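This report refers to the structure that appears directly beneath it.
Residues take their numbers from the sequence shown, with the count starting at 1. Note that the coordinates shown come from a computational prediction; the quantities given were computed from them, not determined experimentally.
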Amino acid sequence: MTTSKKKFEVWTLMSIALLALFLLFLVYPLLGLLKQSVFNSEGVFSLENFERFFTYVDGYYLKPIGNSMKVTVCTTVISLLLGIPIAYFYSFYKLKGAKLLFVLSVLCSMSAPFIGAYSWILLMGRNGVITNFLEAMLLVFIYMNGAFKNIDNTLMEASANMGCTGVRRLFKVVLALSMPTILAAALMVFMQAFADFGTPMVMGEGFPTFPVMIYNAYLGEGGVDRNFAASLAVIAVLITAVIFFLQKWGTSKFKFSMNALHPVEKKECRGISGFLMHAYCYILVAVAFLPQLYIIYLSFCNYKGAIRQEGYGIENYRQAAGKLLGRSIQNTALMGILALAIIVVVAVLIAYLVVRRSSVLNNAIDTISMLPYIMPGAVVGLGLLLAFDSEPLALTGTFTIMVISFVIRRLPYTIRSATATLMQISISIEEAAISLGASKLKTFIQITIPMMGNGILSGAILSWVAIVTEMSSSIILYSNRSITLTMSTYLAILRGNDGMAAAFATVLTVVTTISLLLYLKISKSEDLKL
């Protein structure tokens with residue numbers, strides 16, 4: 001009885017400790033933002049910041065949010081229209097070079113968006129929509145591939161027996177069964193496009209967006225206005241929260257369970273239809289991958305500032321080495337590894353507490369941990385900056401605050417992946433180990449965690465790639481001491497040093513590529529389990 005009580009207290013203390021950490025590093029900064037937004041510069045309670053946003057002459061502040069919504073909705077719709085067909089062809093037909101197609105798609109969708117934007121500027125001028133929807137389209141492909149693989153082949157056969165085939169079956173059966181994933185993919189694309197800072201900052205001359213407006217309100221040329229920046233951050237959270245709850249409501253209308261006991265058998269694709277399928281898939285992926293190749297090519301071209309010279313060499317890399325390349329790589333690696341280690345430990349604990357020890361407290365922790373999923377990175381960065389820029393916990397510009405922002409921003413990926421995996425593991429396996437004399441803690445460490453391995457690994461690789469390409473919160477929090485590869489690339493672009501920017505971007509692309517290839521080799525899988 002005493003032992004049981006002790007073990008109960010250990011897990012309860014674990015829950016309390018996790019809740020305390022989230023309250024300190026997530027809830028407290030958000031409440032600080034809210035407080036800052038409803039006070040004026042004299043420290044008097046006022047709603048003048050919100051009034052200024054909605055009533056300023058000619059809708060000056062409303063325009064950026066309209067621009068963000070236009071680009072975001074356009075990106076989301078086009079991504080779904082292009083991404084779903086490529087996922088359908090990949091999942092239901094035997095495409096030649098399918099694994100290469102998948103790997104290239106993952107590399108494109110997980111790269112830093114502003115690097116693709118920068119490449120398109122150099123290739124063909126400023127067209128941010130192209131960059132956004134190509135990367136988002138491949139993200140939809142990765143999501144939908146997993147959903148299509150969960151469709152039971154007997155349902156496909158049954159629909160065929162009832163005369164429902166071809167395009168009609170695609171809409172009536174396949175897409176209907178995949179609707180929860182379609183809505184989840186749409187939400188992911190919407191959130192990423194709405195929160196994207198780098199692409200509009202690099203390309204959006206004369207086309208201001210909401211994340212850029214938040215940044216400019218705090219650090220722009222017009223001067224620092226913390227209160228107004230905080231009010232913009234609050235509005236951004238409200239907008240994304242509304243979209244999130246609309247997605248949840250839509251998903252609830254398609255609530256059902258399905259197990260693919262008989263996975264869909266891929267068909268041969270021959271003739272003109274097979275040619276068109278291959279052409280569609282490979283042309284889209286090739287166009288999306290072109291910026292990565294072009295940046296690598298440019299990194300070996302000779303440059304003088306923004307002017308390209310004749311000849312090739314490694315001068316850009318020499319210049320980058322003299323401009324914090326070593327420190328950027330070291331910081332990216334150290335901060336990324338430390339943040340990822342924390343993410344994995346916390347995600348596993350939260351998944352176990354939610355699935356195996358469900359309670360009001362643990363469910364509250366799970367809900368709070370998912371808040372960053374619906375918040376632009378600029379909001380997280382600004383919240384942390386305002387909360388920890390003075391004693392007793394002054395962290396502004398430090399290595400520590402960067403790691404904290406990485407953990408907060410990217411923890412939801414691994415939590416969701418670990419939780420989904422644990423829910424599929426029968427508790428009877430753990431009960432059997434306990435009945436044979438193993439303690440609950442030993443069972444958790446030696447039985448439960450190894451069985452969660454694939455889910456943890458999938459979430460971890462998504463978190464890792466997102467960490468090394470993170471920009472929207474880093475732009476607010478970084479310093480010369482804590483600069484990362486992403487920030488070094490962005491700064492080189494701003495300074496007009498195209499050759500050095502290409503060198504930084506190439507190193508970042510290589511880091512991302514190696515990470516994904518290692519994941520695919522270790523997991524022995526051609527998919528990311530999202």
Side-chain angles (χ1 to χ4, degrees), residues 33 37 49-50 52-81 112-118 120-121 126-137 139-140 183 185-220 222 225 228-247 371-383 409 466 469-476 490:
L33 272 179
S37 70
N49 294 311
F50 293 98
R52 172 184 169 188
F53 175 80
F54 288 105
T55 62
Y56 200 80
V57 61
D58 295 329
Y60 179 79
Y61 292 116
L62 290 173
K63 185 178 179 181
I65 196 170
N67 290 341
S68 288
M69 293 302 293
K70 288 176 188 176
V71 172
T72 299
V73 171
C74 179
T75 299
T76 303
V77 172
I78 296 176
S79 298
L80 291 173
L81 291 177
F114 79 93
I115 292 179
Y118 170 59
W120 280 112
I121 289 175
R126 299 179 179 272
N127 198 332
V129 175
I130 290 178
T131 303
N132 281 333
F133 86 70
L134 282 173
E135 293 192 1
M137 176 270 296
L139 185 61
V140 171
L183 293 175
L187 177 68
M188 174 66 81
V189 171
F190 186 95
M191 294 299 184
Q192 287 199 358
F194 185 80
D196 186 20
F197 171 85
T199 302
M201 196 67 173
V202 170
M203 306 181 74
E205 293 180 355
F207 194 80
T209 60
F210 207 45
V212 173
M213 184 168 64
I214 295 174
Y215 173 78
N216 287 337
Y218 185 71
L219 294 171
D225 192 341
F228 186 57
S231 67
L232 295 178
V234 170
I235 293 170
V237 172
L238 292 176
I239 292 171
T240 52
V242 169
I243 300 299
F244 176 74
F245 285 116
L246 284 174
Q247 186 265 349
L371 288 177
Y373 183 78
I374 62 169
M375 290 190 297
V379 174
V380 175
L382 185 58
R409 288 271 289 143
T469 59
E470 170 65 25
M471 181 178 173
S472 55
S473 63
S474 299
I475 189 72
I476 294 175
Y490 176 70

Ser37 to Asn49 - nearest heavy-atom pair and separation: O-ND2, 3.2 Å
Side chain to side chain contact (heavy atoms under 4.5 Å, CB included) involving Val77 - partner list, sequence neighbours excluded: Val73, Leu81
Inter-residue atom distance Leu62.CG - Met69.CE, 0.5 Å rounding: 12.5 Å
Euclidean distance, Leu232 CG relative to Arg52 CZ, rounded to 0.5 Å: 8.0 Å
Least distance between heavy atoms, Val189 atom then Ser79 atom: CG1-OG, 4.0 Å
Flag, side chain of Ser68 to backbone of Ile65, donor-acceptor distance under 3.5 Å: no
Option passing side-chain contact (heavy atoms from CB on, under 4.5 Å) with Val242 (candidates Thr240, Leu238, Leu246): Leu246
Nearest heavy-atom neighbours spanning Leu33 and Ala233: CD1-CB, 4.0 Å
Closest heavy-atom pair and its distance - Thr76, Ala186: CG2-O, 3.8 Å
Smallest separation among heavy atoms of Phe53 and Met213, with atom names: CE1-CE, 3.8 Å
Atom pair OG (Ser473) and CG (Leu382), whose distance is rounded to the nearest 0.5 Å: 11.5 Å
Geometric class of the Phe210/Phe194 ring pair [parallel <30°, tilted 30-60°, perpendicular >60°]: tilted
Heavy-atom side-chain contact between Phe50 and Val234 under 4.5 Å: yes
Results of side chain to side chain contact (heavy atoms under 4.5 Å, CB included) for Ser472 - residues two or more places apart only: Phe197, Arg409, Glu470
Minimum heavy-atom distance between Ala193 and Thr72, given as atom pair plus value: C-OG1, 3.7 Å
Interatomic spacing from CZ in Phe228 to CG in Asn216 - rounded to 0.5 Å: 11.0 Å
Interatomic distance, Thr75 atom OG1 to Lys70 atom NZ [nearest 0.5 angstrom]: 13.5 Å
